[in-house]
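Data block below; observations after.
The chains referred to below are lettered A, B, ... by the order of the sequence lines, with proteins before strands, and numbering in each begins at 1. For the numbers below, each heavy atom of this structure counts, side chains included, while hydrogens, waters and symmetry mates do not.
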Amino acid sequence: MRRSSGGEGRAASERPSTFRRASSSMAYEHKDIEQKWRAEWAKRKTYRVENDPSRPKYYVLDMFPYPSGAGLHVGHPLGYIASDIVARYKRHCGFNVLHPMGYDSFGLPAEQYAIQTGQHPAKTTEVNIARYREQLDNIGFSFDWDREVRTSDPSFYKWTQWIFLQLFDSWYDHEAQKAKAISELLSRFDAQGWHPADACALTGDVEEELGAFTADDWKAFDERTKQRILQHFRLAYLSEAWVNWCPALGTVLANDEVKDGVSERGGHPVERKRMPQWSMRITAYAQRLLNGLDALDWSESIKEAQRNWIGRSEGALVKFRLKDAAGDIEVFTTRPDTLFGVTFVTLAPEHELVEVITPAERRDEVMAYVTTAKNRSERERMADVKKVSGVFTGTYCIHPFTGQEVPIWVGDYVLGGYGTGAVMAVPGGDQRDWNFATHFGLPIIAVTEGADISKEADERRDATISSEGFLKGQKVPDAITRAIAELEKLGAGERRINFRLRDAAFGRQRYWGEPIPIYYKDGVPYALPESELPLKLPEVDKFLPTEDGEPPLARAADWSYEGYPLETTTMPGWAGSSWYFLRYMDPKNEGRFASPEAINYWQQVDLYVGGSEHATGHLLYFRFWTKFLHDRGWINFDEPAKKLVNQGMIQGVSMIAYRLFLSVTAMTSGDDERELLDLGTIPEVLVSREIYEALRSDSLSPIVLGQIEDRLKAITSEAHQGQPNRVGNVRLSGHGQGKAIHTHVDISLVNERRELNLVEFQKQNSRSRPIRLFDAGPYLCVPEVEKMSKSKLNVVNPDDIISKYGADTLRLYEMFLGPIEQSKPWDTNGIEGTFRFLRKFWNLFHQDGETPGQARSDNAPSVSDEAPTKPELKVLHATLKKVTEDIERMSFNTSVSQFMIAANELGSLKCNKRAVLEPLVIALAPFAPHIAEELWEELEHSDSVTGAAWPQWDAQHLVEDSFSYPISFNGKTRMQLEFPIGLSKEEVEAQVLANPEVQAKLGGQPPKKVIVVPKRIVNIVV
RNA sequence: GCCCGGGUGGUGAAAUGGUAGACACGAGGGACUUAAAAUCCCUUGGCCCGCAAGGGCUGUGCGGGUUCAAGUCCCGCCCCGGGCACCA
């Protein structure tokens, strides 16, 4: 290792830039420094973490990425940099910090790519991961790569499958509010059978009602029946679920993949279909998932999103007896107090009673409506709220209180998946019911005092009930209680808490996911023995469904266990990510997903950083699995992450150009016009945004259009100089809005002044048509801030920035951009500032001793051991204070500012004192680790700066002797007066009033009031 | 429609109810240099008065309010971004 004093002694081959530097003062050589320290960290295993129970732990986790083919762009590292700063800071503070990284490597894009190219997804995934790794390494993260996990690795998904089996082997005991082993349920059935009123009755999407059975019944059931019953209780269970089935693709599509009833790629029709699906009974945990939120240090918006998603509502279940058939329509309502305002009942089109109750003569009409309504996706039904549609079934049910007949309608504003799939319609008290009633001319009864039901429903919950009946005159809350009591007395209903949360579909008809460790005997699903795990993905000839619509796994040669067929669907993307945080604790364990010792030591994630788009998906399943593993005694905490921070999205600045396509006629020598066929000679014209907008507006005047066309003719003629034919007419070839189009231009073709590089633009678009400008050049593109994405040609790759400025500059800049949680556009304009700061900081250690901020030309260290001066100490301690406090509250942009202030001030002071610079190197290390290591080494330390103790700030250096008070009159600052710190309020007031300038302002009038806030302000009220 | 964020200079932004615009970019001017790079210094919210020193008015999306004092707290709006579920 070279010594810090040996700048001149370095061999030219080792540092080829030495000579260049001799003639320049580009002293801070980021490339050399960063390369050196990357290699050094890897060699020394600087970021290796041991499970060491003797030390306090801190667990910092990033949401792991899906390794897509596009690689990282500058938006990805934002959260990683923030978490890396915290991880490094906590290390300096003496914590044993777990800061791992891995890959969520199962997923659709790899499979899509495999279908197109025939390449195995494992292969492309491998390539993508290598690329990600290289890019991550370039940024200098302190990840312990020995703990890397990949969800698609059999040694990882073995345990995903194992957890699945635990869920399969569990049921939820609502009395004890926890999951228990199926064996306990079996002994219970053996002893007492089961009744629907038992507390182990379950929420969720159980389709058929499960009837009561006695212990003797249970013992007499055959194996199939027993297993079928158990499906009603298992937390991982096979049931029927609605899916988006695409017959053309032979596969099930996610909601995202369906647009307007057709598949987004390819445009094939999609229908809603019921299919056997593995599901997760997350609904059992609804109340606990809701309760747990209060104690979490997560952003309010995420917690609120989860609360809404879980959607707890209190109300009543009400039964309306059918008039012409046996049975009831059950509805859930939050407003049983409005029962006397019911004028009809509406069923969802999916409701099973629709078919049963509709009389023959209305059948065709009703079923026609049901078919169209059912096939609309929920998103569609959601989109046009204003359109009312429905149909009368022709039958009635009986009002439980009045005994009157209530007509039964079908309407698609009622959703099959929520509540009971039926509502009691109270048009006087519910706006959607009101809309429906008004549209179909159904009666509307006022339910509350003072409501004007001619215009809208009255949904107030602080009103008094006015509808005729025993609830009249009562306040809403009292009426609710009373109504429920009456319903219960009549056996026509009961109190009910309803959750919106639905059970999670857990099967995918795909190849690239974890195989589900289940085999079928006699059509009954059985758990694969643990000893068979991992159940590895089989080789298949194609990654497509089979001809008869089975998932790709059905193509495998021998996809069976002891002669019984294995499950062919795979797990969804969220399986691996629901528990991966536990694997990092003990990633190589072959006998368990993680050892109890490791889990006891690392416990919950202390800080979790990731995007807010996972608010209701990943973050809910993540909590669900944690609670489940806790219930079954595998872990001793039931929330995965104490604190969650959502980094904002980095948007890209796209560059837009506006293009015109022309159609041109030519004049031959005989003055005949004919269409010019040689498109290659017709220019493509770039116009300004103003002209683009003018052309697209409907109100474009013919005169202006004529002027534009004249100009286009001139351009075209010019382009045709030397051609045999003269240009005749020039017209825009498109029609209406198509006359002009806007295009994304690759941002690398546009300079800082937004000028388009026409030569490159032409080349990159390989257009044969010449490009001409409508106005005199250069062509200015119009910037637009939008999501950073490849298709918008606005992605900025961190690699380019790193090679130009270095990783430390990138890290600082991304933090300097603004608060971590805010979305902001990526704009490299400011990056020079952070780069200059690092150079200034570097120069403090290599001063030439003359010009402030100027480095020695030989780049030799200039640090002295002299005692620092008072102002120097003040800068140091003010910086330490601010930076420490800012890291604690994750305000990284302001800490970077403080470092800049320190570098500027120490530069002016020409401070080169070790006692000042050394603590600053440690404080800067979490932000800019490479330069900090290099300077630390120059300060003659042989160990890594990452292990140095965090420097403490000392308030004594920040004490001021005096304070310059802003003196304001009626809140407006007018002057400054300096007073010693120790002066009392009264003394300050007296001295202020004695001041001649203040007296002049007062003009002889005595002030009404004088407010003195020590060390803040003086306000004189006149 | 509902829920959650957010609106401050040319730009990214800062500001425990207490001097609005720190820090940085950009822009303009200057020093050093043969030149460039690098570095340093000055100016930079708007409007107005003044030769100048300096001074005044105004200003944090809009309209009110509380307060000695409001970017910050309260009420009512507008706009932008994100999320969602016509949720009975």
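- The listed nucleotides are C23(B), C4(B), A88(B); the one nearest the side chain of V423(A) is A88(B).
- The partner of U44(B), taking Watson-Crick or G-U wobble pairs whose two distances both stay under 3.5 Å, is G26(B).
- Taking the six-membered ring where the residue is Trp, F979(A) and Y965(A) present tilted rings, their angle falling between 30° and 60°.
- If you check every strand for non-hydrogen atoms under 4.0 Å, N1019(A) touches a base.
- Regarding contacts with the backbone of A14(B), a side-chain N or O of N893(A) is found under 4.0 angstrom from either OP1 or OP2.
- Under the Watson-Crick or G-U wobble criterion, with both distances below 3.5 Å, C2(B) is paired with G83(B).
- Going from the C1' atom of A24(B) to that of U44(B) covers 14 Å, rounded to whole Å.
- No N or O donor and acceptor, one from the side chain of N829(A) and one from the base of C25(B), sit under 3.5 Å apart.
- The aromatic rings of F440(A) and F436(A) sit tilted relative to each other, their planes meeting at an angle between 30° and 60°.
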Table please: side-chain donor-acceptor pairs of residues 309-318 of chain A below 3.5 Å, with sequence neighbours left out.
unit_1  : atom_1 : unit_2  : atom_2 : d
R312(A) : NE     : Q287(A) : OE1    : 2.8
R312(A) : NH1    : E314(A) : OE2    : 2.7
S313(A) : OG     : Y418(A) : OH     : 3.2

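- Rounded to whole angstrom, the span from the NZ atom of K824(A) across to the P atom of G5(B) amounts to 17 Å.
- Residue R307(A) is classed as having no contact, given no heavy-atom separation below 4.0 Å to the nucleic acid.
- For the pair K881(A) and W953(A), the distance from NZ or CZ to the six-membered ring centre is under 6.0 Å and the angle to the ring normal is within 45 degrees.
- With the nearest nucleotide of RNA chain B identified for both P819(A) and A615(A), P819(A) has the one nearer the 5' end.
- Contact annotation for N498(A): no contact, since no heavy-atom pair falls under 4.0 Å across all strands.
- Among the nucleotides C3(B), A85(B), G12(B), the one closest to the side chain of W309(A) is A85(B).
- Spacing between C23(B) and U33(B) at atom C1', rounded to whole Å, works out to 30 Å.
- Residues E300(A) and G419(A) both approach RNA chain B. Their nearest nucleotides, taken by heavy-atom distance, put E300(A) toward the 5′ side.
- The ring of F899(A) has its center no closer than 6.0 angstrom to the ring center of F841(A).
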Please tabulate, for the side chains in residues 1008-1022 of chain A, all donor-acceptor contacts under 3.5 angstrom to protein atoms that are two or more places apart in sequence or on a different chain.
unit_1   : atom_1 : unit_2  : atom_2 : d
N1019(A) : OD1    : S968(A) : OG     : 3.1
N1019(A) : OD1    : N970(A) : N      : 3.4
N1019(A) : OD1    : G971(A) : N      : 2.9

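- Relative to the side chain of Q976(A), the nucleotides U19(B), A15(B), A88(B) differ in distance, and U19(B) lies closest.
- Taking atom CD of E997(A) as the reference point, atom C1' of G55(B) lies 12 Å away to the nearest angstrom.
- The side chain of R1016(A) contributes no N or O atom lying less than 4.0 Å from OP1 or OP2 of C68(B).
- Base pairing of A14(B) is not made with any nucleotide, judged by Watson-Crick or G-U wobble geometry with both donor-acceptor distances under 3.5 Å.
- An OP1 or OP2 oxygen of G56(B) is reached within less than 4.0 angstrom by no side-chain nitrogen or oxygen of K972(A).
- Across all strands shown, G50(B) has no partner, as no Watson-Crick or G-U wobble contact with both distances under 3.5 Å is found.
- The R974(A) side chain lies nearest to C57(B) when the options are A88(B), C57(B), A20(B).
- Within the 4.0 angstrom heavy-atom criterion, only backbone atoms of the sugar-phosphate kind lie near I901(A); the bases stay farther away.
- Among the nucleotides C87(B), A24(B), U19(B), the one closest to any side-chain atom of F816(A) is A24(B).
- Within the nucleic acid shown, V1013(A) comes within 4.0 Å of at least one base atom, counting heavy atoms only.
- The side chain to side chain contact (heavy atoms under 4.5 Å, CB included) test with D886(A) is passed by exactly one of T894(A), V896(A), N893(A): T894(A).
- The side chain of K840(A) has C40(B) as its nearest neighbour among A88(B), C40(B), G26(B).
- G30(B) and G21(B) are spaced 25 Å apart, taking the C1' atom of each and rounding to whole Å.
- Using a 4.0 Å heavy-atom distance criterion, N904(A) is classed as a sugar-phosphate-only contact.
- Within the nucleic acid shown, Q822(A) comes within 4.0 Å of sugar-phosphate atoms alone, with no base atom in reach, counting heavy atoms only.
- Counting any heavy atom pair closer than 4.0 Å across all strands shown, T973(A) reaches sugar-phosphate atoms only and no base atom.
- Listed nucleotides: C68(B), C23(B), A38(B). Nearest to the side chain of R839(A): A38(B).
- Syn is the glycosidic conformation of G9(B), whose angle stays within 90° of 0.
- Nucleotide A38(B) has no partner under the Watson-Crick or G-U criteria, as no pair reaches both atom distances under 3.5 Å.
- At the heavy-atom level, S313(A) lies under 4.0 Å from the strands shown only through sugar-phosphate atoms.
- For the residue pair Y28(A)/N843(A), the side-chain donor-acceptor check at 3.5 Å is not satisfied.
- Comparing U19(B), A85(B), C87(B) by their closest approach to the side chain of P966(A) singles out U19(B).
- For T894(A), the listed nucleotide lying nearest its side chain is A15(B); candidates were G12(B), A15(B), C68(B).
- Of all nucleotides listed (A85(B), C68(B), A24(B)), C68(B) comes nearest to the side chain of I1011(A).
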